[in-house]
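As C-alpha cells, the structure follows; a few thoughts come after it.
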Amino acid sequence: MEYSNLPDLKHLATLRAVVEQGGVSEAARLLHIGQPAVTKRLRALDGCYAASLMQRQGRNLQLTPAGERVYAFARLMFDHQASLLDDLEYLRSGLNRLRLEVTFAIGEHLLPSLLLNFSDNFPQYRIESRMGYSRHIQRRLATGLSDLALLEQAPDHPEVLVQKWLDDELVLVCGLGHPLWGSGLLPVTELGDLRYVLRESQSSMRITLDKALRDIGIDQLPIAMEVGSTDTIVEMLQHGGHVSFLPRFAVDDALNAGTLYHIKIQGLRINRTLWIARTRSNLKNAVAEAFIQLLRKKSWNG
C-alpha cells in the first residue's frame with residue numbers, strides 16, 4: 001500500500017463541511033478557520049487524488065464526478081471513526097455493559113420485556129440495544145462493534161458463534177372482516193389470489209418467506225404494499241382488505257385476543273429458528289452470559 005500520498009483527515013473533513021454546509025464561508029465558520037485555509041485544503045485534496053473534486057457553477061461550488069466519490073469515502077470514513085470512538089469509550093467504561101443488536105421484529109415484540117426482566121434481575125449491568133437488518137447486525141458483530149445479537153437468520157462467519165434460542169413460524173393472518181376470516185384450509189394454489197401487505201424485501205422474515213415460496217414454485221405474490229414495521233402491518237390488517245405473513249411471536253397476542261385470524265395453508269408451514277449470536281472473542285463476557293441465562297428462561301417458559 002502507498003502511504004506517502006494519503007489524504008489528510010482535516011482536508012477530508014473540510015470537503016465534507018463545504019458540501020454539507022453549502023459553501024466555503026459556511027464551512028470556515030463551522031471549522032473555525034479562515035476561508036483561504038478552506039480553499040487551500042480543497043486544493044491539497046485535488047493534488048492528493050490528481051483530480052478536480054469541486055467546480056464552480058455560478059456562485060456555487062458543486063462536486064465533480066470524482067468529488068462525489070471522494071465525498072462518499074469521507075462520509076464513510078468519518079462514520080467509521082464515530083463507531084471507533086464509541087467502541088473505545090466502551091472499552092474504557094469497564095465490563096458492566098453489553099452492546100446488544102436485534103432485528104426489527106424482535107426489537108418491537110420481544111426485546112422490551114427482556115430488557116425490563118434483565119434490569120430487575122441484574123441491576124448491576126447495563127444493556128445498550130439497537131435494531132437493524134440482519135446483514136448489518138452480522139457485519140457489526142463480526143467487526144467487534146456489538147457484543148451479542150438476536151437474529152432471525154443464522155450468521156455464516158467463522159468468528160461468529162450461534163446457538164438456537166426459540167422456534168418460530170411465519171403464519172398467514174388476516175383481520176376481522178376479511179373474506180377468509182374463520183375459513184378452513186387454504187389451498188396453496190389460491191395464495192396468488194390474495195392481496196398482501198408484507199415486510200420489505202431486505203427484512204429477515206421476507207427473505208425466509210420468499211425462499212419458502214420459491215421452494216414450492218411460487219416466484220411472486222401480488223404485493224399491494226411493503227411496510228417496514230410489523231406493528232404497522234398488524235394495524236393495517238384490521239381494515240380487512242389484506243393478508244400478511246408475520247412471525248408467530250409477533251401476532252400471538254392478537255390471535256389469542258381474536259383481532260387476527262390464522263389462515264392455515266394446505267401443505268405449507270414455514271418454520272424457522274431465532275438465534276443468539278456472538279463472537280469467539282466475547283465468550284467470557286459476564287453481561288452476555290447473564291443475558292443468555294435470561295434468554296434460556298424465555299425459551300423454556302415461552
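The shown structure was predicted, so the numbers you read here are calculated from the model rather than taken from an experiment.
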- Query: Taking atom OG1 of T103 and atom CD1 of I137, what is their separation to the nearest 0.5 Å?
  - Reply: 6.0 Å
- Query: Going through the checks in order, is the side-chain contact (heavy atoms from CB on, under 4.5 Å) test met by Q57 and Q55?
  - Reply: CA-CA 7 Å; Q57 292 187 355; Q55 60 188 6; 3.6 Å; yes
- Query: About how many Å separate CG of L148 and CG of L141, when rounded to the nearest 0.5 Å?
  - Reply: 7.5 Å
- Item | salt_bridge(E169, R248) N-O dist < 4.0 Å | yes
- R140/E101 ion pair, N-O < 4.0 Å: yes
- Message: If hydrophobic clusters are built from ILVMFWY residues whose side chains come within less than 4.5 Å, do L111 and L246 share one?
- Response: no
- Euclidean distance, S119 OG relative to L114 CG, rounded to 0.5 Å: 12.5 Å
- Task: Indicate the atoms forming the closest heavy-atom contact of P155 with V162, along with that distance.
- Result: CD-CG1, 3.1 Å
- Task: Could you tell me whether the side chains of N121 and N117 share a donor-acceptor contact shorter than 3.5 Å?
- Result: yes
- Flag for Y196-E226: side-chain donor and acceptor within less than 3.5 Å: no
- Query: Is atom CZ of R135 surrounded by more than 12 heavy atoms (other residues, nucleotides or ligands) closer than 6.0 Å?
  - Reply: yes
- Task: Inspect the contact between E152 and R206 and indicate whether a charged nitrogen and a carboxylate oxygen are less than 4.0 angstrom apart.
- Result: no
- Message: Pair L150, F291 - check side-chain contact (heavy atoms from CB on, under 4.5 Å), show working.
- Response: CA-CA 11 Å; L150 302 180; F291 191 69; 4.2 Å; yes
- Message: Is the ring pair F122/Y125 parallel, tilted or perpendicular, if the boundaries are 30 and 60 degrees?
- Response: parallel
- Could you pull out all residues at least two apart from K40 that satisfy side chain to side chain donor-acceptor pair (under 3.5 Å)? none
- Q220 versus R214, side-chain donor and acceptor atoms under 3.5 Å: no
- Would you call R126-E128 a salt bridge at under 4.0 Å N-O? yes
- CA sep, side-chain torsions, deciding dist, call: H242, C174, side-chain contact (heavy atoms from CB on, under 4.5 Å): CA-CA 7 Å; H242 299 85; C174 67; over 6 Å; no
- Message: Applying side chain to side chain donor-acceptor pair (under 3.5 Å), can you list everything that pairs with R56, at least two apart in sequence or on another chain?
- Response: none
